[in-house]
Amino acid sequence: MKKFVSIISVMLIIFASFITAFAAGINANEQSVLNQMRTPANMQGNMVYVPSSYVNQAEAHFNTIDMTSAQASKINSIISQGRSFLEGTGKSSINKLTGSEKKTIANYASQAAAVLNLSATAGSDGTQVKVIDKSGNTIIDDSGAVIKTTGAVNKDFSAPIMIGFVLVSAVCCGLLMISKKAKNS
């Protein structure tokens, strides 16, 4: 019986090591970039914000990476430069920017994306913003696409397997105890 319990215990420890650990979450560096993205530009008294859908999609992506402080510092600097550029145009809204000014803003977005090995594009009117990774996966898309699911998905079967193993082990132990009692009677 002791050998059986020892074997079961060792097997439980082995199977427990298969359970996946998820370290998803926003670190301080990523949070600083999100805060910078949420800070508005003051265009002649009008507060202009990065669309919340962009911030939400960026946050979903940040949950899948681990941004360094050097990357965050570089991105924050680029965002700050872009905000200063917008405020310095003398325009009261994004819609009043010239084509050249919109290209400059798109260039800032491109520079910031490049820090994370991403590429950013925008249409000539400043819409149709898209950020993709090197594999072609969309990170940010203003075409109304839903934010992609991140984190655990239903392809990880280690927890159900572990629970099943524990239940089978408990049943086996119970049957062993019953058979031992019947043998001793």
Inset, instruction - For the residue pair N35 and Q31, confirm or rule out a side-chain donor-acceptor distance under 3.5 Å. - result: yes
Legend entry - T39 backbone acceptor or donor facing R83 side chain under 3.5 Å: yes
Legend entry - Verify same cluster id: I65, I75 (apolar side-chain graph, 4.5 Å): yes
Inset, instruction - Without swapping roles, check the side chain of T89 against the backbone of K91 for a donor-acceptor pair under 3.5 Å. - result: yes
Inset, instruction - Using the side-chain contact (heavy atoms from CB on, under 4.5 Å) rule, take F62 and L116 through it: C-alpha gap first, then chi angles, then the decisive distance, then the call. - result: CA-CA 10 Å; F62 292 170; L116 296 175; 3.9 Å; yes
Inset, instruction - Return the minimal non-hydrogen interatomic distance between K130 and D141, and the atom names on each side. - result: CE-OD2, 3.5 Å
Inset, instruction - Identify the heavy atoms of A120 and A109 that sit nearest to each other, and give their distance. - result: CB-O, 3.9 Å
Inset, instruction - Looking only at non-hydrogen atoms, find the nearest pair between V55 and V50 and report the distance. - result: CG2-CG1, 4.0 Å
Inset, instruction - State, with a plain yes or no, whether a side-chain heavy atom of P40 is found less than 4.5 Å away from one of V48. - result: no
Inset, instruction - Look at the side chain of N76 and the backbone N and O of A72, then say whether any donor-acceptor pair between them is shorter than 3.5 Å. - result: yes
Inset, instruction - Go through the steps to decide whether D133 and N117 satisfy the test side chain to side chain donor-acceptor pair (under 3.5 Å), and finish with yes or no. - result: CA-CA 7 Å; D133 65 14; N117 294 319; over 6 Å; no
Inset, instruction - Answer yes if I132 and Y108 sit in the same cluster of Ile, Leu, Val, Met, Phe, Trp and Tyr residues linked by side chain heavy atoms under 4.5 Å apart, and no otherwise. - result: no
Legend entry - Donor-acceptor contact below 3.5 Å, side chain S84 vs main chain S80: yes
Legend entry - K74 atom NZ, neighbour heavy-atom count above 12 within 6.0 Å: no
Inset, instruction - State the OG1-NE2 distance between T138 and H61, to the nearest 0.5 angstrom. - result: 11.5 Å
Inset, instruction - State whether a side-chain donor-acceptor pair under 3.5 Å links Q36 with S32. - result: no
Legend entry - Pair N29, T68: side-chain N/O donor-acceptor within cut-off below 3.5 Å: no
Inset, instruction - Quick one: closest heavy-atom pair of I26 and E30, and the distance? - result: CA-OE1, 3.3 Å
Legend entry - pair I94-L86: side-chain heavy atoms closer than 4.5 Å: yes
Inset, instruction - For E87 and A41, indicate whether the former's side chain and the latter's backbone hold a donor-acceptor pair under 3.5 Å. - result: no
Inset, instruction - For residues N46 and S92, report the shortest heavy-atom separation together with the two atoms involved. - result: ND2-O, 2.8 Å
Inset, instruction - Would you mind reporting whether I139 and Q57 have side-chain heavy atoms less than 4.5 Å apart? - result: no
Inset, instruction - Mind listing the closest non-hydrogen atom pair of G82 and I105 along with its distance? - result: O-CD1, 3.8 Å
Inset, instruction - Could you walk me through whether E101 and K96 pass the salt bridge (Lys or Arg N to Asp or Glu O under 4.0 Å) test, one step at a time? - result: CA-CA 10 Å; E101 291 168 331; K96 294 183 179 182; over 6 Å; no
Legend entry - Shared hydrophobic cluster, L118 / V115 (ILVMFWY, side-chain heavy atoms < 4.5 Å): yes
